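Note that this is a predicted model, so its numbers are computed, not measured. The residues of the chain are indexed from 1 along the displayed sequence.
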Amino acid sequence: MRTFWNINRTVSALREWQPNCWIQITCPNEEDEKYLLEDLKIPDYFLEDLKDKDERSRYDFDDGWVLIILRIPYVKEIRSRTPHTTVPMGIIIKKDICITVCNWETNMMIDFVSYQQKRNVGFIDSVDLTFRLFYSAAVWYLKRLKQINTLIEESKRKLDHKISNDDLIGLLRLQDSLTFFITSIRGNETLLSKLKFKLPVDELDADLIEDVTIEMNQARETANIYSNILDTTMDTYANIINNNMSSIMKTMTSFSIILMFPTLIASLFGMNLINGMENAWWGFPLACIISLFVAGISLFVFRRRSWV
């Protein structure tokens, strides 16, 4: 999908391209790629790099074109092992042309346009647009981190009542999501520090960069805190499971030992030897009484020692 936005004084849709407008391309099809490659003449490998979901945050220059790859948060609508992850978004700049390309439709970009329209304020230039996208990405990382924290607390409440494999697997998937977030945020921070010296930055951009840096630092620290909490939580529940397993094994072993004594007595009286009880009517009841007595004594001793 291709959209042209006027960004001079406010963000409003245009029917066709105009100088200094913003071209937003989401989930590009063949027609969109043909427009980028043949009409705008952008390097073809720019698009190939943006199709790679694992492409890291970086910038590149080629024949006057500037490619900036920013990793943004993304939530998969379908069931997945890692529902919260990150995807690359490309910002392509050359003189009066500014293009954003993302092969995934994200809530961040929808909210970004809506928020700028509500503010009724446009962008000074493509550099201002670039750094505001960085700022929006940092804010959305914080939003997604709050959602992840809510899921963590919900799983912990369930595990407090009953330890379930599904809840433990859910926590493990959230740990994977936090790993993706931390890695992507660090990459964005490194990219931002480099762009400060590569793009024409004025005084207003410098203030915006400072705000972006603060938000990025907060997002990274928050992700690290949640990751550490989740690590501790997983270790705690692993210890609880091991402790429960040890208690069960101790109980089963204790009962096995207790039952071993009646089995031994029955085996002794059941041997094909003369013991004077073969023809007595009280032989079998006596063997049962002795077995129960020994088992009771064993159970009493085990309980006194807290073995059962």
Residues which pass ring-ring contact (aromatic ring centres under 6.0 Å, His included) with F61, listed by chain and number, not counting sequence neighbours: Y59
Given side-chain contact (heavy atoms from CB on, under 4.5 Å), test L129 with F112 step by step and report yes or no. CA-CA 11 Å; L129 172 61; F112 179 76; 3.8 Å; yes
Using a strict cut-off of less than 4.0 Å between a Lys/Arg side-chain nitrogen and an Asp/Glu carboxylate oxygen, indicate whether R58 and D49 qualify as a salt bridge. yes
So how far is it from [X] [atom1] to [Y] [atom2], rounded to the nearest 0.5 Å?
X    : Y    : atom1 : atom2 : value
Y237 : L168 : OH    : CG    : 8.5 Å
M216 : I209 : CE    : CD1   : 11.5 Å
D32  : D39  : CG    : CG    : 11.0 Å
I92  : S126 : CD1   : OG    : 12.5 Å
D207 : F131 : CG    : CZ    : 12.0 Å

Does any part of the side chain of E55, heavy atoms only, come nearer than 4.5 Å to the side chain of L50, both counted from C-beta? no
Taking the side chain as every heavy atom from C-beta outward, state whether R2 and W17 have any atom pair closer than 4.5 Å. no
Candidate pair V301 and R304, rule side-chain contact (heavy atoms from CB on, under 4.5 Å), full reasoning: CA-CA 5 Å; V301 173; R304 286 292 299 272; 5.7 Å; no
Count I, L, V, M, F, W, Y as connected when their side-chain heavy atoms are under 4.5 Å apart, and connections chain through other members. Are W140 and L70 then in the same cluster? yes
Step by step, would you call V101 with F46 a side-chain contact (heavy atoms from CB on, under 4.5 Å)? CA-CA 10 Å; V101 181; F46 279 11; over 6 Å; no
F4 and Y35 aromatic ring geometry - parallel, tilted or perpendicular at 30°/60° bounds: perpendicular
Expected output: side-chain T263 to main-chain L259 donor-acceptor under 3.5 Å: yes
If we ignore hydrogens and angles and just use 3.5 Å, is the side chain of T236 paired with the main-chain N or O of T232 as donor and acceptor? yes
Could you go through F134 and L208, starting from their C-alpha distance and side-chain angles, then the distance that decides it, and tell me whether this counts as side-chain contact (heavy atoms from CB on, under 4.5 Å)? CA-CA 10 Å; F134 271 83; L208 180 57; over 6 Å; no
Can you confirm whether the side chains of Q175 and S227 place a donor and an acceptor under 3.5 Å from each other? yes
Excluding sequence neighbours, so at least two apart, what forms side chain to side chain contact (heavy atoms under 4.5 Å, CB included) with T253? I257
Check R220, E215, E221 against N217 for a side chain to side chain donor-acceptor pair (under 3.5 Å) and give me the one that passes. R220
F300 atom CZ, over 12 foreign heavy atoms within 6.0 Å: no
Are there more than 12 heavy atoms of other residues, nucleotides or ligands under 6.0 Å from atom NZ of K143? yes
With E154 as partner, the option from K156, K158, R157 fulfilling salt bridge (Lys or Arg N to Asp or Glu O under 4.0 Å) is K158
